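Predicted model, so just to flag it, every value in this text is computed and none were measured. Every chain is numbered from 1, with letters handed out A, B, ... down the list of sequences.
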Amino acid sequence: MPTFHFYPIDITYRIVSGKPVIYLYGRTKDGQRIAVADRFDPYFWAIPQKKSVKERLENLSGEKDGESYSVTSVEEKKKRLLGKEVEALKVTVSQPKDVPLVRELIREWDDIQSVHEADILFTRRYLIDKKIIPMTLVVVEGEEGREESRIPVIAATAIRPAEDEETMKGLGILAVDIETYYPKGKGIDMDNNPILMLAVHGETISRVITWKRFATKRRSIEFVQDEAALLHRFREIVLEEQPDIITGYFSDGFDLPYIKRRAEKLKVNLDIGADFSGISLKKGMDTESKITGIAHFDVIKFVRGGLRTSIATDSYSLNAVASKLLGETKHEVELDDLAEVWDKRPEKLEPYCDYNLQDALLTYQLAEKLLPNLTELVKLIGLPLQDCNRMSFSQLVESFLLRKEGEFDEIAPEKPTEHELAKRRKVRLQGAFVHEPTPGLYHDLAVYDFRSLYPSIIASHNISPDTVREADTLEEGAFVVREEKVAYSTAKKGFIAAVVEEVITRRMRVKDILKKKKDPFLEARAMMLKILANSFYGYLGFPSARWYSFACAASVTALGRRYITETIEKAEKAGFKVLYSDTDSIFLSLQGKSKAAAKKFVDDINEHLPGLMELEYEGFYPSGIFVSAKDNKGGAKKRYALLREDGSLVIKGFEAVRRNTSVIAKEVQEHVLKAILEKADDKKALNYLHGVIKGIREKKLAVEKMVIRTRLTKPISSYDAIGPHVAIAKQMKGKGIDIAPGAIIRYVVTTGGGRIRDRAKLPEATKQSEYDADYYINNQIIPAVEKIFEVFGHTKEELLGKGAQMRLLEF
DNA sequence: TATAGGCATACGAGAGGACATCC
DNA sequence: CGATGTCCTCTCGTATGCCT
């Protein structure tokens, strides 16, 4: 029997002669594309009330809506449900579609207590049970069958993961980007507006295909007869290139669905899938586009999803993300004019082709850059790239737990019912502790952080839904969280606590190796492990989670508060002055002590911390400033600025780092903070401020500096309070511009009376003489710097330059 | 088909008061 | 002189976007 070593990339199933067959698509070690077909039977778990139900289950079959269903076998297994031993029944049915049918049926039975894991997708069940991890080497025994397929199909007789967990390398990526006919002011219309150009970029290809001829020397531009020919060429290129991954930027919702629709319209057969299928769409809240046998990597879904917390950007445009991750900004063209240029001035199309190709290139580079992260996620979670690409944090955790539960003989708890969900949503979880700072300018600060505070609490105190006990438990050694009136058994490692501990220790090992040698793949692994570890606490408090536990989530934060306040007390006892603290960080004033003493402080703390918990010395800062809150009720939390030893600034919470503040106010605030932190030079900062105010009054500043950007978070019609950005969004909609939730609205406030929203205008339609100087001075600049100058005793009048005049008047 | 909570701030909505005007 | 309308001030709720 021949043996194949191959890396699976995609998975699907089909019913063959009435039986479900799994198809794994991938590439062999020597680069051949193959598919592997394997028989597998769908099943789920039932916990019986009485053992006698087994026989009734075994004989269950019938018909519903003309489709027959049947239970093929029932097996008794000892399992655990939240740590408690149960006699579970493994109910195997004949087809995946029988699973929901049979579940609904038997759920009503009196002798069935509960039904579990019936909602786990068939292909995922297969991967978990066979311990197969996509993009990781698998050994298959079997013969090549005679199926109709683009690539050889091996009928597996045996399949297992390879001994060494070798990861797939050298994947072929093909980036796709289209430009479409899009008349000004009209919405997207896939039925009537053709694709004008299509760019592809891969390792061996970089080309734009378009169907209007113009004179050009670009060898990258290829002309074809018409749109149908363009689609034919796209098909040809995909088949020639045989990519493992097709990538795009929002290609889930735009490029691929558009290509699909146009191909249908023009009757072009886009049979690019390994099984001759085309692009398939999974419609929902947002569309997912899929091609059998090829993984579809939509870069925006990954950047906005799993990597959201690790990549700081206030915009998810291709341009913004590329400049953040690649340090490149693209060359823009006026896309709004494309339709007109196409119709009337085709000789001017070249820049559009360049732009199109550039987008494909940037997307390719982004995919290449992020592939190590996505690959690590695939290896960690064990689901195909297509799925890991689109996962939310809760799905990430849950998929990981489902992969791990077998090691603990656990069965997943059921998803909450609507009623249970409503109940969970009602309770609110107390969060972290934030220490109120005393406003002022400080020198010589040391900053400390608990390393992965919440995950380390979970692991170190065995916090897990299966270890929760009553506070007055008599269980020996149980750890009591008095704040929440619960305790945690220490007799046996809890499922989630053990899993979190494993993630933390794996990350520590990777970090250790990285200290000796740089490695982008290990960097990516460390990053994904951190993201995963940090997601568990939120998951425990997430109402829709299977392993939801209010007690656990509340205990984690309670212990977080306990540890941070204890550390604050110890710092004060050690002679430091505590300036600020938020959740897991502490800012100390050295009070004349040495940096060495500051570094040593962590040892005193760590000596008494349990398990994996650790306080880290984050760094020394020559100066830092905290300001009072607007209402003057004390120091403002989550707003501060620090000066690093290398001269750079750390600004948190201030307008300078907020999107919905005008450019000018951000600039002024940052400038003032810098002057004050570097040299405590408030006089110089004041002079600068007066200069800017004068410039604004005299209308010497560009409109662009006055632009305020605000995100529209919901449909325009559902707003109760109509703010300036909503008013502008309404105007834009009136002009036929497509405005959807998530859009960033830009506006400038112009002169006049009344509400601000009535004076807001689109920046493009605003002249430099029109912006409202008073608004920008009184509502933007002054609020941004007032509290900073207040630290030096400067009043608002002084800031406005009125101080001197008043003194003259008095005199 | 939302991982969690804590917090600052801006602006509109709406109530209530001062004041002017009109009959 | 009371009824009515306008404008201003104040409080509160809504909305956004940050921090950990």
Side-chain angles (χ1 to χ4, degrees), chain A residues 282-288 304-306 308-309 312 314 390-398 400 421 425 427-437 449-450 452-455 531-545 547-548 550 552-554 556-558 560-561 564 580-586 627-631 633-640 650-662 665 708-714 718-727 744-745 749 753-760 775 778-780 783-784 786-787:
Chain A
K282 233 190 263 171
K283 297 250 180 166
M285 269 275 277
D286 48 14
T287 315
E288 175 183 341
R304 216 159 50 181
R308 190 177 59 218
T309 47
D314 59 7
R390 292 159 180 77
M391 255 179 198
S392 68
F393 289 104
S394 64
Q395 289 174 315
L396 205 97
V397 171
E398 201 149 280
F400 188 69
L421 209 49
R425 288 202 182 110
V427 289
R428 205 170 148 81
L429 187 61
Q430 191 187 341
F433 168 75
V434 188
H435 175 85
E436 185 188 311
D449 268 301
F450 275 94
S452 302
L453 178 67
Y454 288 172
I531 290 171
L532 180 62
N534 286 340
S535 304
F536 279 92
Y537 150 70
Y539 175 83
L540 286 169
F542 174 47
S544 304
W547 277 276
Y548 169 86
F550 181 86
C552 289
V556 170
T557 51
R561 295 192 298 273
I564 203 80
Y580 182 62
S581 165
D582 184 348
T583 312
D584 61 353
S585 69
I586 297 190
V627 299
S628 68
K630 183 167 172 98
D631 59 10
K633 285 209 176 96
K637 297 165 175 177
K638 299 184 193 280
R639 280 165 86 82
Y640 61 86
V650 178
I651 301 177
K652 297 288 181 183
F654 277 117
E655 285 79 356
V657 295
R658 290 178 65 89
R659 173 174 47 213
N660 55 354
T661 301
S662 60
I708 297 167
R709 298 184 304 151
T710 307
R711 183 190 298 275
L712 199 70
T713 60
K714 50 187 181 180
S718 54
Y719 275 89
D720 289 325
I722 312 295
H725 68 297
V726 185
I744 307 283
I745 309 294
V749 177
R755 284 178 302 216
I756 291 160
R757 72 151 183 250
D758 298 327
R759 291 145 52 200
Y775 171 82
N778 297 320
N779 294 36
Q780 291 279 322
E786 190 181 352
K787 295 294 168 185

Once you apply a heavy-atom cut-off of 4.0 Å, does A:Tyr775 come out as touching a base, just sugar-phosphate, or nothing? sugar-phosphate

Give the rounded distance in Å between these two atoms: CD1 of A:Ile708 and P of C:dG17. 12 Å

Between A:Thr557 and A:Ala554, the two heavy atoms sitting closest are OG1-O, 3.0 Å

Looking at the side chain of A:Val434, which of B:dG5, B:dA8, B:dG6 is the nearest nucleotide? B:dG6

Atom NZ of A:Lys638 to atom C1' of C:dC18: distance rounded to whole Å? 9 Å

Check: A:Lys637 side chain, B:dC7 base, donor-acceptor under 3.5 Å: no

Hey, does A:Asn779 reach any base, or is it just sugar-phosphate, or nothing, if we go heavy atoms under 4.0 Å? sugar-phosphate

Ignoring backbone atoms, establish whether A:Lys652 has a side-chain N or O less than 4.0 Å from OP1 or OP2 of C:dT20. yes

CD1 of A:Ile564 to CG of A:Asp449, rounded to nearest 0.5 Å, is 8.0 Å

Roughly how far, to the nearest 0.5 Å, is the CE atom of A:Met391 from the CD atom of A:Glu398? 10.0 Å

Side-chain N or O of A:Ser394 versus OP1/OP2 of B:dA2: is the shortest distance under 4.0 Å? no

Hey, does A:Arg308 reach any base, or is it just sugar-phosphate, or nothing, if we go heavy atoms under 4.0 Å? base

Name the closest nucleotide to the A:Asp720 side chain, picking from C:dA15, B:dA4, B:dA10. C:dA15

Respond yes when some side-chain nitrogen or oxygen of A:Arg757 is under 4.0 Å from OP1 or OP2 of B:dA13, and no when none is. yes

Where is the tightest heavy-atom contact between A:Leu540 and A:Trp547, given as atom of each residue plus distance? CD2-O, 3.5 Å

Just checking A:Phe393 against A:Tyr539, ring centres under 6.0 Å apart? no

Would you tell me if any nitrogen or oxygen in the side chain of A:His725 comes within less than 4.0 Å of OP1 or OP2 on C:dA15? no

Below the 4.0 Å mark, does C:dA15 have OP1 or OP2 next to a side-chain nitrogen or oxygen of A:Arg711? no

I'd like to know if the side chain of A:Arg561 and the backbone of A:Val434 have a donor-acceptor N/O pair within less than 3.5 Å. no

Determine the contact category for A:Val726: base if any of its heavy atoms lies under 4.0 Å from a base atom, sugar-phosphate if only primed atoms, P, OP1 or OP2 are that close, otherwise nothing. nothing

Sequence-distant partners of A:Phe654, ring pair (Phe, Tyr, Trp, His ring centres under 6.0 Å), two or more places apart: none

Categorize A:Gly431 for me: base, sugar-phosphate, or nothing, with a 4.0 angstrom heavy-atom threshold over every strand shown. sugar-phosphate

side-chain N/O A:Tyr640 vs C:dT20 OP1/OP2, d < 4.0 Å: yes

In this structure, how many angstroms lie between the C1' atom of B:dA10 and the CZ atom of A:Arg755, rounded? 16 Å

Is the shortest distance from a Lys or Arg side-chain nitrogen in A:Glu655 or A:Lys787 to a carboxylate oxygen in the other one below 4.0 Å? no

Using only side-chain N and O atoms of A:Thr583, determine if any of them is under 4.0 Å from OP1 or OP2 of C:dT20. no

Between P of B:dA8 and CZ of A:Arg658, the distance in whole Å: 12 Å

Could you check whether A:Phe393 and the base of B:dT3 form a stacked pair, meaning centres closer than 5.5 Å and planes differing by less than 30°? yes

Please tell me if A:Tyr580 has a side-chain N or O lying less than 4.0 Å from either OP1 or OP2 of C:dT20. no

I need the CD1-C1' distance between A:Ile745 and B:dA10, as an integer number of Å. 17 Å

Whole Å only: how far is the CG atom of A:Asp449 from the C1' atom of C:dT20? 9 Å

Euclidean distance, atom CD of residue A:Glu398 to atom P of B:dT1 [Å, nearest integer]: 9 Å

So, are A:Asp582 and A:Lys638 salt-bridged, with charged N and O less than 4.0 Å apart? yes

Counting only side-chain nitrogens and oxygens, does A:Arg425 get under 4.0 Å of the OP1 or OP2 atom of B:dA2? no

Please tell me which of the listed nucleotides, C:dC18, B:dG5, B:dG12, lies nearest to the side chain of A:Ile756? B:dG12

Starting from the first five and the last five pairs of the helix from B:dA4-C:dT20 to B:dC22-C:dG2, work out the angle between the resulting helix axes, to 10 degrees. 0°

Distance, rounded to the nearest Å, where A:Leu429 contributes CG and B:dA4 contributes P: 9 Å

Which nucleotide sits closest to the side chain of A:Glu655: C:dT16, B:dT9, C:dC19? B:dT9

Looking at A:Lys714, does any N or O in its side chain come under 4.0 Å of the phosphate oxygens OP1/OP2 on C:dA15? yes

Students often get this wrong, so: under 4.0 angstrom with heavy atoms, is A:Tyr719 touching a base, only sugar-phosphate, or nothing? sugar-phosphate

When you get a sec, tell me which of B:dG6, C:dG17, B:dT9 is the closest nucleotide to the side chain of A:Arg428? B:dG6

Value for OG (A:Ser585) from OH (A:Tyr580), rounded to nearest 0.5 Å, stands at 6.5 Å

Considering every strand and a 4.0 Å limit on heavy-atom distances, what is the contact class for A:Ser581: base, sugar-phosphate, or nothing? nothing

Which listed nucleotide (C:dG17, B:dT3, B:dG5) is nearest to the side chain of A:Ser392? B:dT3

